[in-house]
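To keep things clear, I will list the structure first and then write my remarks on it.
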Amino acid sequence: AVVSTQSTWGSSLTINSEFNLELVKKMALNPNFNQIGEMFTKQYYAMFDNAATRGELAKLYNTEQSFLSFEGQQMQGTAKIMEKINSLTFQSIAHIVTSIDCHPMFDGGILVNVMGQLRLTMTSQSFMQNFVLKPMGDSFFIQHDVFRLVLHNVAAH
């Protein structure tokens, strides 16, 4: 069946619904997305918060296909991402996670949204971090990682 629709811009869009149905059937939503996302989050922050294991985070990223946006600064690839992580100047840190929301993606990947508190030596600060976990073989790598402190300084914008 072919469906024709009119968009709000006046152009015509033709959709072959049989093709789209077959495409959707081939897309694999991971039924374990919540478990995987929550386990990943716990592992990631346990590794990050321990200075002795922080370097092991490199194994979770892909040499070329991983992207990090850290407070608006963007970088690509494991080397640049680890360079950024290793440049952070805190002496000790703890991520206190208050919520984890996971969504399955049509390519088998998982979107993970994390909110929480960063506990530093003398202060704490709210943060949010989003990950896109991309399947590769029988595991996942971090394809996208977006980190922001939660600041509500309206005057800055």
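Atom set for the values below is all heavy atoms of this structure, side chains included, hydrogens, waters and symmetry mates excluded.
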Is the shortest side-chain heavy-atom distance between [X] and [Y] below 4.5 Å?
X	Y	value
Phe106	Leu29	yes
Asp145	Asn130	no
Leu133	Val112	yes
Lys84	Gln73	yes
Gln65	Phe141	yes

The criterion is side chain to side chain donor-acceptor pair (under 3.5 Å); which residues satisfy it with Ser124, sequence neighbours excluded?
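Gln117.
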Tell me every residue that passes side chain to side chain donor-acceptor pair (under 3.5 Å) with Gln91, counting only those two or more places apart in sequence or in another chain.
none
Tell me whether [Y] is reachable from [X] by hopping between hydrophobic residues (I, L, V, M, F, W, Y) whose side-chain heavy atoms are closer than 4.5 Å.
X	Y	result
Ile81	Val146	no
Ile96	Leu88	no
Phe90	Met47	yes

Treating Arg54 as the side-chain partner and Phe48 as the backbone partner, does any N or O pair qualify as donor plus acceptor under 3.5 Å?
yes
Would a distance-only check, ignoring hydrogens and angles, find a side-chain to backbone donor-acceptor pair under 3.5 Å from Thr123 to Leu120?
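The answer is no, because no donor-acceptor pair under 3.5 Å joins these two groups.
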Taking ring pair (Phe, Tyr, Trp, His ring centres under 6.0 Å) as the definition, give me every residue that meets it alongside Tyr45, ordered by chain and number, with sequence neighbours left out.
His95, Phe127
Sorted by chain and residue number, the ring pair (Phe, Tyr, Trp, His ring centres under 6.0 Å) partners of His144 (sequence neighbours excluded) come out as Phe67
With sequence neighbours left out, what residues match [X] under side-chain contact (heavy atoms from CB on, under 4.5 Å)?
X	result
Gln74	Ser69
Glu64	Asn62
Ser99	Asp101, Met115
Met82	Leu57, Ala58, Thr78, Ile85, Asn86

Side chains of residues 36-44: which donor-acceptor partners sit under 3.5 Å, not counting sequence neighbours?
unit_1 : atom_1 : unit_2 : atom_2 : d
Thr41  : OG1    : Gly37  : O      : 2.8
Tyr44  : OH     : Tyr61  : OH     : 3.1

Would you mind listing the cluster partners of Leu111? Hydrophobic ones only (ILVMFWY), side-chain contacts under 4.5 Å, chaining allowed.
Met105, Val132
Calculate, to the nearest 0.5 Å, the distance between atoms [atom1] and [atom2] belonging to [X] and [Y] respectively.
X	Y	atom1	atom2	answer
Cys102	Asn30	SG	CG	10.5 Å
Ile93	Thr121	CD1	OG1	9.0 Å
Leu118	Gln129	CG	CD	8.5 Å

What's the verdict on side chain to side chain contact (heavy atoms under 4.5 Å, CB included) for Leu151 and Gln125, showing C-alpha distance, side-chain angles and the deciding distance?
CA-CA 9 Å; Leu151 304 173; Gln125 175 66 53; 3.6 Å; yes
How far apart are the C-alpha atoms of Lys134 and Asp107, what are their side-chain angles, what is the distance that settles it, and do they pass the side chain to side chain contact (heavy atoms under 4.5 Å, CB included) test?
CA-CA 8 Å; Lys134 182 83 169 168; Asp107 65 355; 2.7 Å; yes
Can you name the salt bridge (charged side-chain N to carboxylate O under 4.0 Å, His left out) partners of Glu83, sequence neighbours left out?
none
Just jot down the salt bridge (charged side-chain N to carboxylate O under 4.0 Å, His left out) partners of Arg148, sequence neighbours excluded, or say none.
Glu71
So which atom in Phe140 and which in Gly108 form the shortest heavy-atom distance, rounded to 0.1 Å?
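Where Phe140 meets Gly108 most closely, the heavy atoms are CE2-O, 3.6 Å.
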